[in-house]
Amino acid sequence: MGEPKRHLITSALPYANGALHLGHLAGAYLPADIYVRYLRSLGKDVVFVCGSDEHGAAITMRAKKDGVTPQEIIDKYHELNKDTFRRLGISFDIYHRTSAPLHAETAQGFFKEMYEQGGEFEERITEQYFDEEYQQFLADRYIVGTCPRCGHEDAYGDQCESCGSTLSPTELIKPRSVLSGNTPVLKPTKHWYFKLDKHAGWLRTWIEEGILDGKPHHDAKAWKKHVTGQCLSWLDHGLLPRAITRDLDWGVPVPLEEAKGKVLYVWFDAPIGYISATKQWAQDHGKNWEDYWKSPDSQLVHFIGKDNIVFHCIVFPAMLKAHGDYLLPVNVPANQFLNFEGQKFSKSKGWGIEQHEYLEAFQDFPNKEDALRYALIRNMPEQRDSDFKWDEFVDFHDKELADNLGNFLNRVIVLTQKYYESRTPAGHFASGLHIATIRRLTGELAAAIEAFNFRDAIQKFLEISTYGNVYLQEVSPWAIWKDDPDSAIVKECLHTCLQIAGVLSIAIEPFLPFTSKKIRTLLNLPEVQAGDFASLLEKLETGQEIIPAGHIVGEPFVLFPKINDRKDTGRLALIEAQKAKLAEVLAAEQAEAPKEYAPLKPAIQYDDFAKLDIRTGTILEAEPVPKADRLLKLRVDLGFEKRTVVAGIAEHFKPEAIIGQRVLLLANLAPRPLKGIESNGMILMAADADGKLCFVTPEEGWPNGFGVR
RNA sequence: GGCGCGGUAGCUCAGCUGGUCAGAGCGUGCGAUUCAUAAUCGCAAGGUCGGGAGUUCAAGCCUCCCCCGCGCUACCA
């Protein structure tokens, strides 16, 4: 451990098939940017890399749906996301992309090295779905079918979006190819697997104790609890080999003769994007990328959202270690999720706001970037999920930025102008009482950033501003000046207040860079530069002035025009428009009954139907199945026999409530064991768009055991 | 069902290895002040720290059981 010479900071690579919303920003990009800006302001050697993740079937799917090429998709979103980040002041040193040739070369090199070392990969031949018309294997996302869990008819091969279950393509009932619509056939194909399981031992020690190769690597206690917890939970469950290749034509080709037509699975190539991005940056700036990835006196930190924890704390570190030579992250400060006005962000529902939409909607709002950054920092989901609310956005902006910070600066500049023609009066800040408090608060702010506690850090910042307000109020120079314009007390007071303003202008830079510039303008000082925070700490420590006596400050102007402003309702109108939009979404949700109807399945022949033997029956007994939340064990009377059926309806019906329920039963479904109970048939249920269930039942008085035709 | 993380004043949250730990900000009420963006400053009320049991001289802080939220996971209509 010890003081690192270099810092390599990464933010999760955005997937280039869509825009990012405020939750992404608050989760992985803003905290990283604060941390990086802080390190730079300490004069540290730091590289901040990110870029677009541009491979995988979801992108080719999206392209097909939109009727464009995958390249057009990734170009569009790469540019959009890159530009949006820039406008929000996210200060990447490079925003690279995984479609770059350098990346393919890097990823292939990484694979080859691991391959040639031996022992890390294994080959497996498995049966995968193949579209005969298109003559190609189908990625999971290219297969849709009926979800075996919930009956949703358009579940993907890897996941059902209706019930959220994780699936494998072969589980789908009636699978069909997205390409041709035909039923795919199973064909054997060879793939390479990364033997993740063999790395479980050292991973546990590394995560639990921070020890790597028998040496201290990082402070395990400094990792967030939910990060460590989720990793250990995974390790407890046991790791499995993971496929790292796919039959797909969109990605980095597997660099082996025998793997023609196969690409690296997107999860394998994406994190290598951090490496290729660093390489590109180094090339552009005459640096050596290996200093950042391989030198023991460098430190790697990944900023991500909680959906990426296992990947960045287990899978990628295992890859790096297996490859050898690479550094492992010293921390992965994953954030939880940000909700939006009480609900999850949902593009399809129109709930939430994307980054570029915000910039668009607020284009006439002064300080729009920092107003957003501030609201997200104050409410960052550091330890648990949090909730973005427009009302809070307004309060944070008006009460803290405008009233507390902005107004303090304004008071000080105005008084200085009024009393001393904008000339900083002489005083004893450097040797006085107040420097101690400012020093303490500034130190605590720095410590909080270093511990990734950005909410704490911004609070310390506000305390400095509050301290200034309290001090100014207590001295009340305006009262003294009335009688004694030459008062030493007044000079002392404004001298000190200006020192505090100087501190604020530097300390705010990592959080609100645009505001920092404006404060510097107010103070007539140059923009904050690399190393300024370090020299500020030094000055506070050794008792030096921040702003020298005699320095002429700038003209006062209102730093944060308030949203709740009697004279100008324009800013409030922007907020109201956003709230109205949400109200509309809610109203539409209420008004519109379920109107999403699943498309009809392909036509079948009468013979297909005739194969089904559906019978009338009555539920005699019902009891929950142990260790299964969704299952009920039923005893059904079919007249000619009674049989046991396991049905996944426990979340919808209480056992005692369905005894005596008349049902239709698919009676010739092959028996299947579920949680150790043999289920003989399937209860027919009707499901609406929300997945709500109701029994399909024969007319009152109809006898049991007769068929449906 | 299993696992992880949470559940502290009306709201948002701090509370490190158990003993000034019952706190901060916002909101509310009262007061002071006018340099300033109807800003600022001070004071006050407010909670049986999700529920129950236990360990201890002492428990938001430890143990057990239960309830709720979020997430991961599981042979699931």
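Note that the structure is predicted; figures quoted are calculated from it, not measured. Order of the sequence lines sets the chain letters (A, B, ...), proteins ahead of strands, with each chain counted from 1.
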- Query: Taking the chi torsion of B:G23, is it syn (within 90° of 0) or anti (everything else)?
  - Reply: anti
- Would you call A:E369 and A:R373 a salt bridge, using N to O less than 4.0 angstrom? no
- Task: With a 3.5 angstrom cut-off on both distances, give the Watson-Crick or G-U wobble partner of B:C5, or none if there isn't one.
- Result: B:G69
- Who pairs with B:A45 - Watson-Crick or G-U, where each distance is under 3.5 Å: none
- Return the value, rounded to whole Å, for the distance between atom CZ of A:F388 and atom P of B:U12. 16 Å
- Query: Counting side-chain heavy atoms from CB outward, which of B:C41, B:G25, B:U34 is closest to A:E400?
  - Reply: B:G25
- Rounded interatomic separation in angstrom, taking CG from A:N407 and C1' from B:C41: 12 Å
- Measure from CD on A:E463 to C1' on B:G23 and round the result to the nearest Å. 13 Å
- Task: Quickly work out the A:D403 CG to B:U37 P distance and round it to whole Å.
- Result: 12 Å
- Query: Could you state the CG-P distance from A:D395 to B:G25, rounded to the nearest angstrom?
  - Reply: 15 Å
- Note on the structure: A:K562 NZ to B:A39 P, in whole Å, measures 4 Å
- Message: Looking at A:R204 and A:D236, is there a salt bridge between them, counting it only when a charged N and a carboxylate O are closer than 4.0 Å?
- Response: yes
- Message: What's the gap between B:U34 and B:U48 when it is taken at their C1' atoms, as a whole Å value?
- Response: 45 Å
- For B:C26, which nucleotide in any strand shown is its Watson-Crick or wobble partner with both distances under 3.5 Å? B:G10
- Just checking A:L559: base, sugar-phosphate only, or nothing, at a heavy-atom cut-off of under 4.0 Å? base
- Task: Any strand is fair game: report the nucleotide pairing with B:A53 by Watson-Crick or G-U wobble, both distances under 3.5 Å, or none.
- Result: B:U63
- The Watson-Crick or G-U wobble partner of B:U20, with both key distances under 3.5 Å, is none
- With rounding to whole Å, what would you report as the distance between B:G47 and B:C11 at their C1' atoms? 14 Å
- Message: Can you tell me the base-pairing partner of B:C35? Count Watson-Crick or G-U wobble geometry only, both distances below 3.5 Å, and say none if there is no partner.
- Response: none
- Relative to each other, are the rings of A:F454 and A:F303 parallel, tilted or perpendicular (30° and 60° limits)? tilted
- Task: Using a 4.0 Å heavy-atom cut-off across all strands, classify A:S679 as base, sugar-phosphate, or nothing.
- Result: nothing
- Query: How would you label the contact of A:W234 with the nucleic acid (heavy atoms, under 4.0 Å): base, sugar-phosphate, or nothing?
  - Reply: sugar-phosphate
- Message: Quick check on B:G6: is either OP1 or OP2 less than 4.0 Å from any side-chain nitrogen or oxygen of A:K225?
- Response: yes
- Task: For nucleotides B:C3 and B:U17, find the distance between their C1' atoms and express it as a whole number of Å.
- Result: 25 Å
- Query: Thinking salt bridges, do A:D391 and A:K579 make one under a 4.0 Å N-O criterion?
  - Reply: yes
- Item | Any-strand Watson-Crick or G-U partner of B:C76, both distances under 3.5 Å | none
- Item | Selected nucleotide, minimal atom distance to A:R411 side chain, candidates B:C41, B:G4, B:C35 | B:C35
- Message: Would A:K224 and A:F452 count as a cation-pi pair here, with the cationic atom under 6.0 angstrom from the ring centre and within 45° of the axis?
- Response: no
- Kindly point out which of B:C3, B:C5, B:U37 is positioned nearest to the side chain of A:S233? B:C3
- Task: Using heavy atoms to find the nearest nucleotide of RNA chain B for A:N404 and A:P561 separately, return the residue whose nucleotide is more 5′.
- Result: A:P561
- Should A:K633 and A:E621 count as an ion pair when the cut-off is N to O under 4.0 Å? no
- Testing B:C41, B:U34, B:A24 for proximity to the side chain of A:K482, the answer is B:U34
- Item | C1' gap between B:C61 and B:U55, integer Å | 14 Å
- Distance check: side-chain N/O of A:K224 vs OP1/OP2 of B:G4, anything under 4.0 Å? no
- Item | Nearest-Å distance once atom P is located in both B:A24 and B:C41 | 15 Å
- Rounded distance in Å between the C1' positions of B:G6 and B:G15: 15 Å
- Task: Could you tell me whether A:I683 contacts a base, only the sugar-phosphate backbone, or nothing, with contacts defined as non-hydrogen atoms closer than 4.0 Å?
- Result: sugar-phosphate
- When you check the phosphate oxygens OP1 and OP2 of B:C16, does a side-chain N or O of A:K221 lie under 4.0 Å from one of them? no
- Euclidean distance for C1', B:G23 against B:U8 (whole angstrom): 10 Å
- When you compare B:A74 with B:A14, how far apart are their P atoms, in angstrom units rounded to a whole number? 31 Å
- Query: Base, sugar-phosphate, or nothing for A:K306, non-hydrogen atoms under 4.0 angstrom?
  - Reply: sugar-phosphate
- Task: For A:V470 and for A:W478, locate the closest nucleotide of RNA chain B by heavy-atom distance; then report the residue assigned to the nucleotide nearer the 5' terminus.
- Result: A:W478
- Message: Applying a 4.0 Å non-hydrogen cut-off, can you work out what A:F560 is touching in the nucleic acid: base, sugar-phosphate, or nothing?
- Response: base
- Message: With the 90 degree cut-off around zero defining syn, does B:G46 come out syn or anti?
- Response: syn
- Query: With sugar-phosphate meaning primed atoms plus P, OP1 and OP2, does A:V414 contact a base, only sugar-phosphate, or nothing at under 4.0 Å between heavy atoms?
  - Reply: sugar-phosphate
Write down the protein N/O and nucleotide N/O pairs, taken from nucleotides 13-15 of chain B, whose separation is under 3.5 Å; answer none if there are no such pairs.
from, atom 1, to, atom 2, distance (Å)
B:A14, OP2, A:R384, NH2, 2.9

- Note on the structure: Rounded to whole Å, CG of A:L522 lies from C1' of B:A36 at a distance of 13 Å
- Atom CH2 of A:W223 and atom C1' of B:G4 are separated, to the nearest Å, by 16 Å
- salt_bridge(A:D403, A:K562) N-O dist < 4.0 Å: yes
- So does A:K306 pair up with A:D385, basic N to acidic O under 4.0 Å? yes
- Query: Strictly by modelled atom types, are A:H226 and A:Q336 linked by a side-chain donor-acceptor pair under 3.5 Å?
  - Reply: yes
- Item | Positive for side-chain contact (heavy atoms from CB on, under 4.5 Å) with A:V663, one of A:V696, A:T616, A:V636 | A:V636
- Message: Any carboxylate oxygen within less than 4.0 angstrom of a Lys/Arg side-chain nitrogen, looking at A:K460 and A:E444?
- Response: yes
